[in-house]
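See structure below.
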Amino acid sequence: MNRLVVMKFGGTSVEDAVAIERTARIVAGRVAGGVQPIVVVSAMAKVTDLLISAANIAARGDRASALAITERLRIRHKDAATQLIASARASAAPAAQQDHEQIGAHAWIEAEFDGLDEILRGLAAVGELTPRIADMVVSYGERASSRMIAEAFVRFGLKAVHIDARHCIVTDAQYGRAVPQDALIEQRLHQHVVPHLAEGRVPVMGGFMGSTEQGVTTTLGRGGSDFTAALVGGGIDAGVIEIWTDVNGIMTADPRVCPDALRVKTISFEEAAELAYFGAKVLHPATILPAVKKNIPVLVLNSRNPENGGTRITALAARCRSPFKSIAVKKRLTIMDIVASRMLLSHGYLRAIFEVFDRHKCPVDMVSTSEVSVSLSVDSNDKLPAIAADLSKLADVKYEGRKALVCMVGENIRGQNGIAARVFQSVRHVNLRMISQGASEINMSFMIEEDDAEEAVRSLHAEFFSDPDPEIFDVEARTKI
Ligand code: ADP
Ligand code: ASP
Ligand code: MG
């Protein structure tokens with residue numbers, strides 16, 4: 001049996017000393033059960049956001065405000081370390097030893113944050129934030145959390161060892177969204193991680209960050225720690241990849257939007273990837289690719305409720321009598337309407353349009369065409385005026401932001417009649433801007449105003465999940481409420 005399990009803990013699962021202690025207990029429970037974990041951790045909750053704002057503020061020349069942010073982060077990490085030491089040693093060690101350990105932990109935290117402050121001072125002096133420096137700054141979140149958590153695990157009795165993820169996760173140099181180099185990663189994992197496993201140790205590494213072959217720090221994109229977990233799982237041929245988060249698993253809708261959302265007990269790779277791409281934040285879109293390639297099951301679990309069964313993502317979808325498994329929403333989108341004023345759509349026209357998006361490296365989410373016009377949706381971003389200017393050489397262009405894409409996902413859409421009618425009946429009160437079904441056989445999506453999104457999700461949820469299939473959805477949780 002393959003006993004290797006990658007356990008990834010997200011920001012809320014390591015947000016403070018209490019959460020980290022809970023994480024240590026979960027890992028210790030797995031070790032006691034004969035499993036060999038490799039732990040991947042995110043930065044403590046909200047730290048990445050704060051580091052991004054510190055970098056932007058510094059680059060605008062406001063050194064004092066940037067350093068005030070890192071000062072708060074420094075204190076937060078030191079406080080967590082102090083509490084963890086106290087908690088682990090409460091009964092076992094004399095106070096003198098606690099003091100000694102605390103001095104050690106605080107010394108490296110001070111050194112890390114001194115290094116970060118140096119970069120921010122440099123940024124304030126130069127007044128320019130390059131993507132390369134931005135990656136360097138945000139990596140401090142995972143650098144600090146992973147080291148602190150590895151040390152805490154040791155104090156809680158685990159044979160843990162800290163691994164600098166940048167030695168293993170080799171990427172190209174596309175800062176902010178670096179592309180992992182699978183073959184090199186596998187080689188590095190065998191060099192830096194596998195020997196520890198052979199010695200029965202628990203490697204702990206930060207997610208999200210990597211480095212180029214030349215050793216320059218990179219990151220994998222927001223939410224990228226899930227991706228790290230899958231890269232590690234794929235690289236060492238793990239038996240399972242566990243994504244530990246703050247909800248009971250993948251739910252039928254974002255529970256923050258739809259409080260009666262149900263846990264989906266099992267979902268296919270294809271469905272989960274579609275949901276992730278279309279905004280279900282619970283998984284990073286690219287996460288599961290390395291797992292799919294090697295057919296490694298992925299479990300999504302709740303670190304605040306570890307007994308819960310979570311969601312199991314597998315290669316094939318289980319049979320389900322409901323057409324959909326879940327509803328995702330992607331906000332902050334812009335619709336561009338491109339109308340060919342001079343000519344009907346001729347061959348080569350669409351290519352010319354897409355070449356513009358390609359040149360600006362701007363991915364397109366949804367497309368619909370008529371005889372003379374093309375509408376498409378893109379993430380709202382600051383390249384749009386330049387894109388519109390280029391497109392206006394080909395056609396008339398209008399664009400409008402604050403749109404949301406609602407995406408209903410399920411393998412059972414194919415072959416069931418009348419589903420579209422039920423979908424559109426449920427959202428009859430909102431103004432639909434674009435509709436798509438067919439690009440993928442497992443999703444049905446439409447664009448609406450951002451302000452209508454939450455109500456639309458709740459209406460669709462009431463329509464499609466009022467009589468859920470108990471084989472697939474956690475129906476008991478609903479009856480307990
Ligand atoms: P982590 O910090 O553990 O990586 P994230 O905040 O990235 O966690 O993802 C978990 C959050 O994803 C949940 O708190 C929930 O609000 C949100 N979410 C969005 N859609 C879904 C969904 N379909 N199922 C579960 N959670 C979802
Ligand atoms: N800390 C990073 C982020 O907030 C990566 C992650 O949490 O997955 O985006
Ligand atoms: Mg996440």
Side-chain angles (χ1 to χ4, degrees), residues 7-15 19 22-23 26 40-53 73 134-135 137-146 165 169 176-178 205-210 218-231 242-265 267 271-288 300-305 308 310-311 313 324-331 406-410 453-454 457 460-461 465 473-474 477:
M7 304 177 76
K8 177 260 170 176
F9 293 90
T12 40
S13 304
V14 296
E15 65 188 349
R22 199 161 42 215
T23 300
I26 293 171
V40 173
V41 294
S42 290
M44 296 168 86
K46 307 260 164 26
V47 168
T48 308
D49 290 341
L50 289 165
L51 290 169
I52 292 171
S53 27
L73 291 177
D135 273 3
V137 170
V138 290
S139 72
Y140 275 84
E142 269 74 8
R143 283 167 59 162
S145 67
S146 57
I169 307 299
R177 192 164 282 277
M205 59 200 270
F208 179 51
M209 57 182 173
T218 55
T219 64
L220 302 173
R222 293 306 307 270
S225 298
D226 298 340
F227 198 2
T228 306
L231 289 166
E242 296 179 348
I243 306 290
W244 289 85
T245 183
D246 61 350
V247 282
N248 279 343
I250 296 184
M251 314 287 284
T252 47
D254 185 342
R256 286 180 213 189
V257 173
C258 196
D260 53 354
L262 293 166
R263 172 170 65 96
V264 184
K265 293 196 265 190
I267 197 164
E271 290 168 326
E274 199 85 347
L275 278 174
Y277 182 76
F278 287 106
K281 192 183 163 217
V282 64
L283 273 186
H284 180 285
T287 297
I288 39 185
V300 181
L301 296 158
N302 189 350
S303 64
R304 293 178 183 162
N305 184 13
N308 194 281
T311 299
I313 308 175
F324 299 113
K325 299 271 172 59
S326 183
I327 309 170
V329 177
K330 193 170 180 184
K331 287 189 172 175
V406 177
C407 173
M408 322 260 306
V409 173
E454 302 194 342
V457 170
L460 289 162
H461 198 271
F465 296 101
F473 304 102
D474 183 7

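For ligands, and for the atoms within them, numbers begin at 1 and follow the listed sequence. Side-chain atoms are counted along with the backbone in the values below, which use heavy atoms only and exclude waters and symmetry mates.
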Closest protein heavy atom to atom 23 (N) of ligand 1, given as residue, atom name and distance to 0.1 Å: Met251 O, 3.1 Å
Shortest protein contact, atom 12 (O) of ligand 1 (heavy atom only): Val282 N, 3.4 Å
Residue part near ligand 2, for Glu142, under 4.0 Å between non-hydrogen atoms: side chain
Identity and distance of the protein heavy atom lying nearest atom 3 (O) of ligand 1: Thr245 OG1, 2.8 Å
For Thr48, atoms of ligand 2 separated by under 4.0 Å from a heavy atom: 1 (N), 2 (C), 3 (C), 4 (O)
Proximity flag His284 to ligand 1, non-hydrogen atoms under 4.0 Å: no
Residues Asp226, Lys281: salt bridge by 4.0 Å N-O rule: no
Protein heavy atom at shortest distance from atom 4 (O) of ligand 1: Lys8 NZ, 3.1 Å
Lys281, portion touching ligand 1 at heavy-atom distance under 4.0 Å: both
Where ligand 1 meets Ile250 - atom numbers and elements under 4.0 angstrom, heavy-atom basis: 24 (N)
Sidechain N-carboxylate O distance under 4.0 Å for Lys325, Glu274: no
Atoms in ligand 2 flagged as close to Ser42, the criterion being non-hydrogen separation under 4.0 Å: 6 (C), 7 (O), 8 (O)
Lys/Arg cation over aromatic Tyr277: Lys330, 6.0 Å, 45° cone: yes
Part of Ser225 with heavy atoms under 4.0 Å of ligand 1, whether side chain, backbone, both or neither: neither
Under 3.5 Å: N/O of Gly223 near N/O of ligand 2: yes
Thr252-ligand 1 polar pair, N/O distance under 3.5 Å: no
Cationic N near anionic O, under 4.0 Å, Glu15 to Arg304: yes
Sub-4.0 Å heavy-atom contact, Gly207 with ligand 2: no
For atom 6 (C) of ligand 2, the protein heavy atom that lies nearest, with its residue and separation: Ser225 OG, 3.3 Å
Atoms of ligand 1, numbered as shown, that sit under 4.0 Å from any heavy atom of Arg256: 13 (C), 14 (O), 16 (O)
Taking atom 13 (C) of ligand 1 as the reference point, the nearest protein heavy atom with its distance: Asp246 OD1, 3.5 Å
Protein heavy atom at shortest distance from atom 15 (C) of ligand 1: Asp254 OD1, 3.4 Å
Protein heavy atom at shortest distance from atom 4 (O) of ligand 2: Arg222 NH2, 2.9 Å
Side-chain H-bond candidate by donor/acceptor type, Thr218 with Asp135, under 3.5 Å: no
Under 4.0 Å to a heavy atom of Gly249 - the qualifying atoms of ligand 1, by number: 24 (N), 25 (C)
Gly10 near ligand 2 by a heavy-atom separation under 4.0 Å: no
Any N/O pair Gly11/ligand 1 closer than 3.5 Å: yes
Ser145 side-chain N/O to Ser42 backbone N/O, donor-acceptor pair under 3.5 Å: yes
Under 3.5 Å: N/O of Ser13 near N/O of ligand 1: no
